[in-house]
Amino acid sequence: MSNTQVSGDSKDITKLPPIDETMKKNLSRVNTLIRKPVPKSYLKRPITNSAKDKNGSLTLEKLASKIRERKFNQIVVMSGAGLSTASGIPDFRTKGTGLYDNLAKYNVPYPEAIFDLDYFNRNPAPFFALAKELWPNGNYKPNRAHYFLRLLHNKGILLRVYTQNIDGLDKSAGLPPNRVVESHGTFATATCQSCEHQVKGDIVKPIVMQAKIPYCNSCHTGVLKPDIVFFGEDLPERFHLYRRDFSKCDLLLILGTSLKVQPFADIVSDTRFEVPRVLFNKFKVGPFAGRASRKNDVAVLGDISTELNKFAKLLGWFKELEKLEQTHQSNMRLKVLSAPPSKQDINNNTPFSNRPIQNKTFAKAKIITTSSVLKSSNKSHVRRKMPIAVESDSSSEDESESSSDSD
């Protein structure tokens, strides 16, 4: 059998020049870079506030200058539990102090189980014991970081806040509901897990605060779960506003999130490539910690409220931010003092918010009927049946898009 010749520009690989020492060194350097992990010291290294770094990348001073010149007026914010730690609410993942490290008293098989839908349907008791502490009830107040977001809105340059938090502090600080997307749901409503009957959260809250499990009075079998998103559930329909918002976004601020929970973490990459992304966090996370970072990414590492104070000074807004917080907090105190006491407060002779939280454990529950009835006939939810409360045997918004931006 004769050998066929290959025509064209094909080369005999046996005649290629041998690899010299220079090529060997270059290949060795490439292999080292590929295998070398990102050093921890780099992840914790704070940004310097020089006008430009060695690569000409964007910095806080440069950003502050552009914001003052109103070159950014479609700012989108992504926030997580780290935003509210200064308000006294623990985050989820910090070693020692995070929520997941302090769930032993709720007797769950693994930390995430307390927010797992399948586990909740089998045993809702641990979640409702925790819900007594998590439910927004006035015990926690907005901090400096929340008021910084409110100031962005007041300046007319905030497009939207996408928050993973369920504490409601963004709106407590005065952000209009249409500016906030509660990506992981809200306590404002609750839905029956059997018949999907929905009630206002204000109906469920007193039952939960009395160490009882709320059951649906429509089907009499399903548990009324607050409409916060558990593992295994879809995000609220309103979350998908990000498709429109991120196409408009000209500056993305990422505050206090680990960027580990999907699909929330994914949308950080949905901005246009040239849009600056600024991370305020204790550590670099997500694309800021790896090779997916962009030229216009800025990482500001440290305490979020402290770093935002510094940013406000660069913007020339610090005194205005202080005054906004002081005025709003003062108005909140006056509102509480002027509110008439509830019937429950009168019967207990002490303000409800100041009563100690009892660490009751929920055992097998027995159904008791709620006798309380809302008397106001003007409210649409009055016509709904009241939920049934379940007591322990042991002592052991989807807000629609509004055209108005005013408070």
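We're numbering straight along the sequence, starting at 1.
Rounding to the nearest 0.5 Å gives a distance of 4.0 Å between CD of Gln198 and OG1 of Thr191. A distance of 9.5 Å separates CG in Asp303 from NZ in Lys310, rounded to the nearest 0.5 Å. Here CG of Leu60 is found 14.0 Å from NZ of Lys313. Values are rounded to the nearest 0.5 Å. Distance check: Leu224 CG to Cys219 SG gives 8.0 Å after rounding to the nearest 0.5 Å. Summarising the geometry, atom CG belonging to Leu255 is positioned 11.0 Å from atom CD belonging to Gln164; distances are rounded to the nearest 0.5 Å. Taking CG of Asn73 as the start and NZ of Lys66 as the end, the distance is 13.0 Å to the nearest 0.5 Å.
Ring to ring, Phe127 and Phe230 are close: their centroids are under 6.0 angstrom apart. For Tyr147 and His328, the distance between ring centers is under 6.0 angstrom. Aromatic ring centres of Phe120 and Phe128: separated by under 6.0 Å.
Checked by atom type and distance alone, the side chain of Glu307 never pairs as donor or acceptor with a backbone atom of Ser305 at under 3.5 Å. Between the side chain of Ser87 and the main chain of Ile89, no donor-acceptor pair closer than 3.5 Å is present. Between the side chain of Asn281 and the backbone N or O of Lys284 there is no donor-acceptor pair closer than 3.5 Å. In this structure a side-chain-to-backbone donor-acceptor pair under 3.5 Å is present from Asn143 to Leu83. In this structure, Gln329 contributes its side chain and Glu325 its backbone to no donor-acceptor pair below 3.5 Å. Looking at Arg277, its side chain does come within 3.5 Å of a backbone N or O of Val268 through a donor-acceptor pair. Between the side chain of Asn165 and the backbone N or O of Ala81, at least one donor-acceptor pair lies under 3.5 Å. At least one donor-acceptor pair closer than 3.5 Å links the side chain of Arg68 to the backbone N or O of Leu314. Looking at Arg160, its side chain never comes within 3.5 Å of a backbone N or O of Gln74 through a donor-acceptor pair. Remark: side-chain polar atoms of Asn296 are paired, donor with acceptor, to backbone N or O of Glu274 under 3.5 angstrom.
Across Tyr162 and Leu241, no two heavy atoms sit closer than the pair OH-C, 3.1 Å. Considering all non-hydrogen atoms of both residues, Ile304 and Ala145 come closest at CG2-CB, 4.3 Å. Across every non-hydrogen atom of Lys132 and Val208, the tightest pair is CG-O, 3.3 Å. Listed here is the closest heavy atom pair of Leu117 and Gly232: CD2-O, 4.3 Å. When every heavy atom of Ala113 is checked against every heavy atom of Tyr119, the shortest pair comes out as O-CD2, 3.3 Å. Ser79 and Thr163 make their closest contact through OG-OG1, 3.0 Å (heavy atoms, listed as atom of the first residue, atom of the second, distance).
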Set out, in order, the CA-CA distance, both residues' side-chain angles and the distance that settles side-chain contact (heavy atoms from CB on, under 4.5 Å) for Leu321 and Leu308, then state yes or no.
CA-CA 10 Å; Leu321 179 59; Leu308 285 177; 6.0 Å; no
Applying side-chain hydrogen bond (donor to acceptor under 3.5 Å, both in side chains) to Thr186 and Asp227, what does each step give before you reach the verdict?
CA-CA 5 Å; Thr186 175; Asp227 289 332; over 6 Å; no
Stepwise side-chain contact (heavy atoms from CB on, under 4.5 Å) test for Ser194 and Cys216:
CA-CA 9 Å; Ser194 294; Cys216 178; over 6 Å; no
Derivation of the side-chain contact (heavy atoms from CB on, under 4.5 Å) call for Asn309 and Phe318:
CA-CA 7 Å; Asn309 271 336; Phe318 183 72; 3.5 Å; yes
Might you work through the side-chain hydrogen bond (donor to acceptor under 3.5 Å, both in side chains) test for His240 and Arg243, ending with a clear yes or no?
CA-CA 6 Å; His240 299 288; Arg243 294 190 179 98; 3.3 Å; yes
For a side-chain hydrogen bond (donor to acceptor under 3.5 Å, both in side chains) check, start with the C-alpha distance between Arg294 and Thr271, then their side-chain angles and the critical distance, and finish with the verdict.
CA-CA 11 Å; Arg294 301 173 182 174; Thr271 59; 3.1 Å; yes
Would you check, one step at a time, whether the test side-chain contact (heavy atoms from CB on, under 4.5 Å) holds for Lys282 with Leu301?
CA-CA 5 Å; Lys282 288 183 178 179; Leu301 307 182; over 6 Å; no
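A salt bridge links Glu233 with Lys225: at least one charged nitrogen is closer than 4.0 Å to a carboxylate oxygen. A salt bridge links Lys155 with Glu320: the distance from a Lys NZ or Arg NE/NH1/NH2 to an Asp or Glu carboxylate oxygen falls below 4.0 Å.
Looking at Ile228 and Phe187, their side chains come closer than 4.5 Å, going by heavy atoms from C-beta outward. Counting only heavy atoms from C-beta outward, the side chains of His220 and Tyr215 never approach each other to under 4.5 Å. Val278 places a side-chain heavy atom less than 4.5 Å from the side chain of Val300. Contact of the Ser183 side chain with the Pro236 side chain is not registered, since no non-hydrogen atoms from C-beta on lie closer than 4.5 Å. Side-chain contact between Leu259 and Pro287 is present, with at least one heavy-atom pair separated by less than 4.5 Å. Looking at heavy atoms from C-beta onward, Ile267 lies in side-chain contact with Phe246 at the 4.5 angstrom threshold. Side-chain contact check for Leu253 versus Ile75: some heavy-atom pair is nearer than 4.5 Å. Between Glu322 and Arg144, the closest side-chain pair of non-hydrogen atoms falls below 4.5 Å.
The aromatic rings of Phe239 and Tyr242 sit tilted relative to each other, their planes meeting at an angle between 30° and 60°.
Atom CG of Asp202 sits in a sparse spot, with 12 or fewer heavy atoms from other residues, nucleotides or ligands closer than 6.0 Å.
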